[in-house]
Amino acid sequence: DSGVTQTPKHLITATGQRVTLRCSPRSGDLSVYWYQQSLDQGLQFLIQYYNGEERAKGNILERFSAQQFPDLHSELNLSSLELGDSALYFCASSVGQTSYTGELFFGEGSRLTVL
Amino acid sequence: QKEVEQDPGPLSVPEGAIVSLNCTYSNSAFQYFMWYRQYSRKGPELLMYTYSSGNKEDGRFTAQVDKSSKYISLFIRDSQPSDSATYLCAVRGGSQGNLIFGKGTKLSVKP
């Protein structure tokens, strides 16, 4: 158990809808990262928050947004969903802004299916 | 050209075999290299990391980086069925130092 909690584990929705994925980082970790994993693209970095502030942005679509709250939990909002958004969404956490050892602690993911 | 390339496999070996997993990367400025292991229906977990060139050993696992050829390798000795998983290489790069992952190689070790 990594200590990172993600909800929901599975989500099925329709095109055009909006969903929210939630992540609670490990106790003491200030950074939260969101990744998208699909068969064709692999694990793609979306966005990172550190202590409530956006720190780094990757290949995140404009239809997606995220935030980190004062209690350090984070939410990833996906709107105007398309079939191609079906994927596993992972949250990861680390202690500092930059993990020089590359050690991120991943949750078990939220599997999103868009029909 | 993708920043990190990894053969997705799948790779199937008998128990006890030596496994070699490989990645190539495009940017010679990358300095930090990692291997993550991902079991089915789980999130990735860090297996090993290395800084710059050279070898690093941890039990049955050896990570190797050849910066001259931009090649990253993971060797597993005496492979076990419990090693069956997807192995992802990663580099710390990008404009903001985020991790860039390969697509992963699915390994199956048969008893």
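Here the structure is a predicted model, which is why all the values come from computation and not from measurement. Letters A, B, ... are given to chains in the order of the sequence lines, protein chains preceding strands, and every chain is numbered from 1. Basis for what follows: all heavy atoms, side chains included, without hydrogens, waters or symmetry-related copies.
- Interface check for chain A: of the options B/Pro8, B/Gly43, B/Gly102, B/Gly104, the most heavy-atom pairs under 4.5 Å are formed by B/Gly43.
- In terms of hydrophobic clustering, with Ile, Leu, Val, Met, Phe, Trp and Tyr side chains grouped at heavy-atom distances under 4.5 Å, A/Leu81 and A/Leu46 are assigned to a common cluster.
- Interface with chain B: from residues 34-44 of chain A, residues A/Tyr35, A/Gln37, A/Asp40, A/Gln41, A/Gly42, A/Leu43 qualify, criterion being any non-hydrogen pair under 4.5 Å.
- Taking the side chain as every heavy atom from C-beta outward, B/Leu99 and A/Leu104 approach each other to under 4.5 Å.
- Other residues, nucleotides and ligands contribute at most 12 non-hydrogen atoms within 6.0 Å of the NZ atom of B/Lys106.
- Heavy atoms of other residues, nucleotides or ligands lying less than 6.0 angstrom from CD1 of A/Ile12 number 12 at most.
- The structure places CD of A/Glu103 at 12.5 Å from CE of B/Met48, a figure rounded to the nearest 0.5 Å.
- Under the 4.5 Å side-chain heavy-atom criterion for ILVMFWY residues, no single connected hydrophobic cluster contains both A/Leu88 and A/Val19.
- A single hydrophobic cluster is not seen to contain both A/Phe105 and B/Met34; linkage of ILVMFWY side chains at heavy-atom distances under 4.5 Å, directly or through other members, places them apart.
- With a 4.5 angstrom heavy-atom cutoff, B/Gln31 does not touch chain A via any of its atoms.
- Following chains of ILVMFWY side-chain contacts shorter than 4.5 Å, one cannot reach A/Phe64 starting from A/Phe45, and the two form parts of different hydrophobic clusters.
- The same ILVMFWY cluster, assembled from side-chain heavy atoms under 4.5 Å apart, contains both B/Leu47 and B/Val65.
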Start with the C-alpha gap between A/Phe106 and B/Tyr36, add the side-chain angles, then the distance that decides, and say whether side chain to side chain contact (heavy atoms under 4.5 Å, CB included) holds.
CA-CA 11 Å; A/Phe106 282 82; B/Tyr36 273 76; 3.7 Å; yes

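- The shortest non-hydrogen separation linking A/Phe90 to B/Lys42 is CZ-O, 3.8 Å.
- With a threshold of 4.5 angstrom between heavy atoms, A/Arg111 does not approach chain B through any atom at all.
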